[in-house]
Chemist: 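Here it is, the structure, as structure tokens.
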There are 2 protein chains.
Amino acid sequence: MVTMQDVARASGVSVMTVSNVINGRNVSPETRGRVLEAIDTLGYRVNLAARNLRKGRTGTIGLAVPEVDSPYFAQLAARIITHAEAAGFRVAIEQTGLSREKELTTLAQSRNYQYDGVILSVVGLGKEDAALLQVDFPAVILGERIFDGPLDHLAMANVEGARAATEHLLGAGRRRIAMIAEVEAEPDSGVASLRFHGYRDALLGAGIAVDPDLVVAPRNVTMPAGRDAVRELLDRGHDIDAVFCLTDTLAIGAMRGLADAGLRVPDDVMVIGFDDIIEARFTIPSLSTVDPGHDFMARTAVEMLIERIERKGTAGPPREVISPARVVARESTRPAADRA
Amino acid sequence: MVTMQDVARASGVSVMTVSNVINGRNVSPETRGRVLEAIDTLGYRVNLAARNLRKGRTGTIGLAVPEVDSPYFAQLAARIITHAEAAGFRVAIEQTGLSREKELTTLAQSRNYQYDGVILSVVGLGKEDAALLQVDFPAVILGERIFDGPLDHLAMANVEGARAATEHLLGAGRRRIAMIAEVEAEPDSGVASLRFHGYRDALLGAGIAVDPDLVVAPRNVTMPAGRDAVRELLDRGHDIDAVFCLTDTLAIGAMRGLADAGLRVPDDVMVIGFDDIIEARFTIPSLSTVDPGHDFMARTAVEMLIERIERKGTAGPPREVISPARVVARESTRPAADRA
DNA sequence: AGATCGCGATGTAACGTTAAAGTCGCTGAC
DNA sequence: GTCAGCGACTTTAACGTTACATCGCGATCT
């Protein structure tokens, strides 16, 4: 391995001068030239482990997600990696597998100095775990369930996004609007409750009462669950003209369920999802959805984290940022007039 | 920061003994107990930067994929992370964005990014770049284009898998079997050519000539491209009874295209893909496909890499491993007899 | 009895970098 | 003529860990 020593010897200066050249500090042009040349011919590369030890940094941030192979998280990870890379950080991914324990240990182990900071995408932790998040370590929480926690928190505009989605359906003249989501007993804690809130607000705003019979719980958040939820909805004998789905995955399943029942999307029943995963652009018909500001979230999460890291600690009060959501209208909610 | 020094002082032993306790070396039970207790009360954590500097290791391996947000690569990454984690390594992901340059720089930069090794999933590099891969650094190449390179190489059984897929269709009594794939001019270099090879072999084996008109090139490897490829196939006026698609993504699009044309899958036209992405289980009908031994690949890639790392260098000749492929029969190729 | 061994424990010297505190010679202000 | 100030460079001392050599001591072998 070529070290600064070797470069220093080869160019007749001290190691410190080599360090200065590399870190762009005051060095005369001639010296800098000689050093750079030596670096080039010897093929010197700085040893990050040594630099990290000395500087107390690793240049790596941890990203904990439930699983990288679900579209939503894969796409989130891709964006975060891109932003972090631009800021000079590498991203190591940990999978927490939807488990509360793994989420906690990931956070706890992170200070193990392997990461400069962590972005933790939370699904298992709840408000009651806020105390456990009390770590003196740069961290940003992505998720919906924890408010007033001790760490920076970045959430989606769930209520507003859901309201806008529902209003979009209302604006297209639909009135019998179903929702596929498991609304939890404990109010306002999970994503589902928040989005249901927006759905309800929109309906009430249009003078329509929420019919509990039009809200159906899928058994999980997969495509088949979405399809089956639609079947149940239809079996109940209701004459629906639109469905708002908790996520795009459910929505894609729901569209299939509607097709199975001989209903056309959007003519008979409009469908809208939430998340704006890439797949939503590729379904036929393409799926209208709510973009939860993916890019804003990825960028902001990385920025917030890096700011904490730069300040060497968790100095400053925890911040709460809400990413703006926006309806993306595609074919699955296109009014008849628009189609030739 | 709590260091070994602190622990040593607190338990009345030398730093070296603390190190020995942590690394599970010969220490008497009593001493070990005292040290562990001190570690516990002080909340000591080993500093990986220091350990890495000393050991010349980082415990992190790099995984370079074109993009994490495409299902195939996301699922590959998830598996590799799982296996690496089990072996005590973290995985940092880099996105090469389908570019040959980024693939090369990732490999070149790896040793100063302080990865212990890299798994490089290659799409842009070709045989002609083999010389550029001449690095003295633990690396494993995943991909189809590079043979006889200087690095360990792990490939899929493309020809065999494609042959088996086609034979599966033949076995179900189909004879007019189309293929959706862009077969390159230069033979046998890319995935498409290799899979076409298998398709041709199977047909010839059954005494059927390859009809070039039944092989259609999609404009890329997305769902819409698959749908349009099917349309073109049908527009050509052929009476096909099965389609073998280069990838599952194309196959999912193809199924949609067939549905648009009023053809039933599998009754009128059977469809089979390649890759066994998770989505294939969730389409309706579920998609038959070829499992390219994802789990074998992930496990083997990690094992091969770790072995190189353990041997401290690239000692030993490059190895070439082919992952076995296996047809996964689902609804999209189910014979009529099986369905009630 | 003396040599040898093994075990537990220790002391020392790095690993390659950078922060901090000099050193040295030169310029320019008073 | 003196000296503060500055730029360019060097010296020194870590950062926290582990490899290696060594040491004391009781047990085992010849």
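Order of the sequence lines sets the chain letters (A, B, ...), proteins ahead of strands, with each chain counted from 1.
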Chemist: Whole-Å distance between D:dG16 C1' and B:Leu48 CG?
Modeler: 11 Å
Chemist: Which residue in the set A:Asn20, A:Ile22, A:Val21 passes side-chain contact (heavy atoms from CB on, under 4.5 Å) when paired with A:Val18?
Modeler: A:Ile22
Chemist: Does A:Asp69 have any salt bridge (charged side-chain N to carboxylate O under 4.0 Å, His left out) partners at least two apart in sequence or in another chain, and if so, which?
Modeler: none
Chemist: What is the separation between atom CD1 on B:Ile22 and atom C1' on D:dT18, rounded to the nearest whole Å?
Modeler: 11 Å
Chemist: For residues 293-301 of chain B, dump all side-chain donor-acceptor pairs below 3.5 Å to protein atoms at least two apart in sequence or in another chain.
Modeler:
from, atom 1, to, atom 2, distance (Å)
B:His294, NE2, B:Asp275, O, 2.6
B:Thr300, OG1, B:Phe296, O, 2.6

Chemist: Kindly say whether B:Glu94 contributes a backbone atom to a donor-acceptor pair with the side chain of A:Glu85 at under 3.5 angstrom?
Modeler: no
Chemist: Rounded to whole Å, how long is the line connecting atom CE of A:Met4 with atom P of C:dG16?
Modeler: 12 Å
Chemist: What do the steps show when you test B:Tyr44 against B:Asp6 for side-chain contact (heavy atoms from CB on, under 4.5 Å), and what is the final call?
Modeler: CA-CA 9 Å; B:Tyr44 168 78; B:Asp6 304 322; over 6 Å; no
Chemist: With a 4.0 Å cut-off on heavy atoms, is A:Asn52 in touch with a base, just the backbone sugar-phosphate, or nothing at all?
Modeler: nothing
Chemist: In B/S/- notation, 5' to 3', how is nucleotides 8-15 of chain C contacted by protein heavy atoms closer than 4.0 Å?
Modeler: SSBB-BBB
Chemist: Nearest 0.5 angstrom please: B:Thr60 OG1 to B:Tyr115 OH, how far?
Modeler: 8.0 Å
Chemist: Atom CZ of B:Arg57 to atom C1' of D:dT17: distance rounded to whole Å?
Modeler: 15 Å
Chemist: Would you mind reading off the distance between A:Arg9 atom CZ and D:dT10 atom P, rounded to a whole angstrom?
Modeler: 14 Å
Chemist: Any pair with a residue in residues 26-36 of chain A that passes side-chain hydrogen bond (donor to acceptor under 3.5 Å, both in side chains), sequence neighbours left out, goes on the list, sorted by first then second residue, please.
Modeler: A:Ser28-A:Thr31
Chemist: CZ of A:Arg51 versus P of D:dG16: gap in Å, rounded?
Modeler: 18 Å
Chemist: Is the shortest side-chain N/O distance from A:Ser19 to OP1 or OP2 of C:dT18 below 4.0 Å?
Modeler: yes
Chemist: State which residues pass salt bridge (charged side-chain N to carboxylate O under 4.0 Å, His left out) with A:Arg319; sequence neighbours excluded, sorted by chain then number.
Modeler: A:Asp152, A:Glu307
Chemist: If you compare every side-chain N and O of A:Arg25 against the phosphate oxygens of D:dG7 (OP1, OP2), does one of them come in below 4.0 Å?
Modeler: no
Chemist: Which heavy atom in B:Asn52 sits nearest to a heavy atom in A:Ala49, and how many Å separate them?
Modeler: CB-CB, 4.1 Å
Chemist: Using five base pairs at each end to define the local axes, how bent is the helix from C:dA1-D:dT30 to C:dC30-D:dG1, to the nearest 10°?
Modeler: 50°
